[in-house]
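Step one of this worksheet: look at the structure below.
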Amino acid sequence: MNKKINSLLYIEDDLEVRENIAEYFQHNIENVYLAADGAEGFEIFEKYKPQVVISDIAMPKLNGIELLKKIRKISATTHFIITTSFDDHEYLLDAVNLQITNYILKPVSIIKLEKALKLCEEKFILTP
C-alpha cells in the first residue's frame with residue numbers, strides 16, 4: 001500500500017491491556033501515543049493530531065463516544081476505531097453516525113486490530 005499509518009493514539013483504561021497492545025503498535029507504527037482515559041486522550045489528540053485513534057467506549061472522565069464527538073469537531077478525516085465489551089446497538093449507531101472506521105468487540109486481538117488498521121490504510125489510499 002502506498003500510505004502507511006505513521007501516528008496512532010491508543011486509549012484504554014485497563015493498564016495491562018494498554019501496555020500489551022501498545023507493544024505491538026510500537027513495533028509497527030512510528031509514533032504511538034497512549035492515554036488512560038478519554039480526557040487525557042483528547043489532550044494528546046489536540047497536541048499530536050494522530051492519523052488513527054483507537055479508543056475504548058467505557059472510560060472514566062470522557063467516554064469513547066463523547067471523545068469521538070470532540071475529535072470530529074476538529075478533524076473529519078481522523079480514522080477512529082472503537083473497542084468495547086458492550087454489544088450495544090445504541091453505541092454502535094452513535095459511532096457509525098460519527099463516521100468510525102471500525103467497531104471491535106473485546107477481547108481485542110492483534111488479528112482484529114491488524115484488520116482494522118488495514119482498513120484505515122485502504123481508506124488513506126482512497127482519500128486524496
Side-chain angles (χ1 to χ4, degrees):
M1 292 186 194
N2 296 347
K3 293 187 180 182
K4 288 279 189 188
I5 296 166
N6 63 25
S7 61
L8 180 140
L9 168 58
Y10 182 54
I11 309 163
E12 169 62 56
D13 59 335
D14 183 315
L15 177 63
E16 186 176 335
V17 171
R18 185 173 64 246
E19 288 179 348
N20 289 336
I21 298 294
E23 187 175 329
Y24 163 75
F25 290 141
Q26 290 166 338
H27 289 290
N28 296 288
I29 297 171
E30 187 176 337
N31 299 297
V32 177
Y33 311 102
L34 303 174
D37 60 58
E40 181 184 13
F42 186 67
E43 287 177 18
I44 292 170
F45 180 82
E46 284 186 305
K47 183 173 183 179
Y48 297 105
K49 306 286 190 298
Q51 294 170 296
V52 176
V53 175
I54 300 176
S55 177
D56 190 4
I57 283 185
M59 296 181 294
K61 299 183 183 176
L62 188 68
N63 75 37
I65 298 296
E66 293 165 341
L67 170 66
L68 176 54
K69 286 177 181 176
K70 289 182 79 157
I71 287 174
R72 283 292 174 248
K73 289 179 182 177
I74 298 170
S75 171
T77 59
T78 300
H79 292 275
F80 204 98
I81 298 167
I82 287 184
T83 63
T84 184
S85 299
F86 304 106
D87 188 8
D88 184 321
H89 295 296
E90 189 172 324
Y91 276 137
L92 179 58
L93 285 175
D94 284 345
V96 168
N97 289 333
L98 292 165
Q99 301 172 340
I100 60 164
T101 304
N102 210 325
Y103 189 91
I104 300 174
L105 290 176
K106 290 183 176 182
V108 175
S109 69
I110 297 302
I111 292 168
K112 290 177 185 177
L113 287 171
E114 284 178 343
K115 287 180 182 178
L117 293 174
K118 282 190 189 297
L119 184 59
C120 291
E121 289 176 348
E122 289 169 6
K123 288 187 175 197
F124 287 150
I125 291 170
L126 299 174
T127 306

Candidate pair Leu113 and Ile21, rule side-chain contact (heavy atoms from CB on, under 4.5 Å), full reasoning: CA-CA 9 Å; Leu113 287 171; Ile21 298 294; 3.5 Å; yes

Let me confirm one number: the [atom1]-[atom2] distance from [X] to [Y], rounded to the nearest 0.5 Å.
X      : Y      : atom1 : atom2 : answer
Ser55  : Tyr10  : OG    : OH    : 9.0 Å
Ser85  : Asp14  : OG    : CG    : 9.5 Å
Arg18  : Glu23  : CZ    : CD    : 14.0 Å
Leu117 : Lys112 : CG    : NZ    : 14.0 Å
Leu9   : Phe80  : CG    : CZ    : 8.0 Å
Ile100 : Arg72  : CD1   : CZ    : 9.5 Å

Could you give me the CA-CA distance, side-chain angles and deciding distance for Asp37 and Leu62, then say whether side-chain contact (heavy atoms from CB on, under 4.5 Å) is met? CA-CA 7 Å; Asp37 60 58; Leu62 188 68; over 6 Å; no

Pair listing, side chain to side chain donor-acceptor pair (under 3.5 Å) test, anchored in residues 40-49, at least two apart: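 Pairs touching residues 40-49 that pass the test: none.
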
Please step through side-chain contact (heavy atoms from CB on, under 4.5 Å) for the pair Glu121 and Lys4, ending with a clear verdict. CA-CA 6 Å; Glu121 289 176 348; Lys4 288 279 189 188; 3.4 Å; yes

For the side chain of Asn20 and the backbone of Glu16, is there at least one donor-acceptor N/O pair under 3.5 Å apart?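 Yes, the answer is positive, given that a donor and an acceptor are paired below the 3.5 Å cut-off.
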
Using only atom types and a distance under 3.5 Å, with no angle test, would you say the side chain of Thr101 pairs donor to acceptor with the backbone of Ile81?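 Judged by distance alone, no pair lies under 3.5 Å.
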
Work out which heavy atom in Gly38 is nearest to a heavy atom in Leu67; give both atom names and the distance.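 Result for this residue pair: O-CD1, 3.7 Å.
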
Which heavy atom of Ile104 sits nearest a heavy atom of Ala116, and at what distance?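 Closest pair (atom of Ile104, atom of Ala116, distance): CD1-CB, 3.9 Å.
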
Path from Ile82 to Leu119 over hydrophobic side-chain contacts below 4.5 Å: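 As far as the 4.5 Å side-chain criterion goes, Leu119 and Ile82 are not connected within one cluster.
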
Are Leu105 and Ile11 linked, directly or through other ILVMFWY residues, by side chains that come within less than 4.5 angstrom of each other?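 Yes: a chain of side-chain contacts under 4.5 Å links Leu105 to Ile11.
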
Tabulate below the donor-acceptor pairs under 3.5 Å that side-chain atoms of residues 25-36 make, not counting sequence neighbours, or state none.
{"unit_1": "Asn28", "atom_1": "ND2", "unit_2": "Tyr24", "atom_2": "O", "d": "2.8"}
{"unit_1": "Asn31", "atom_1": "ND2", "unit_2": "Asn6", "atom_2": "O", "d": "3.3"}

Check the pair Ile74, Lys70 against side-chain contact (heavy atoms from CB on, under 4.5 Å), reporting the backbone distance first and the verdict last. CA-CA 7 Å; Ile74 298 170; Lys70 289 182 79 157; over 6 Å; no

Tell me, do Thr78 and Phe45 make a side-chain contact under 4.5 Å, heavy atoms counted?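 Heavy-atom side-chain distance check passes, below 4.5 Å.
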
Side chain proximity check, Ile71 to Val53, heavy atoms < 4.5 angstrom: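 Heavy-atom side-chain distance check passes, below 4.5 Å.
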
Enclosure of Leu15 CG (heavy-atom neighbours >12, cutoff 6.0 Å):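 For Leu15, atom CG is crowded (more than 12 foreign heavy atoms under 6.0 Å).
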
If the condition is side-chain hydrogen bond (donor to acceptor under 3.5 Å, both in side chains), which residues does Lys106 pass it with, not counting sequence neighbours?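 Partners of Lys106 under the side-chain hydrogen bond (donor to acceptor under 3.5 Å, both in side chains) test: Glu12, Asp56.
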
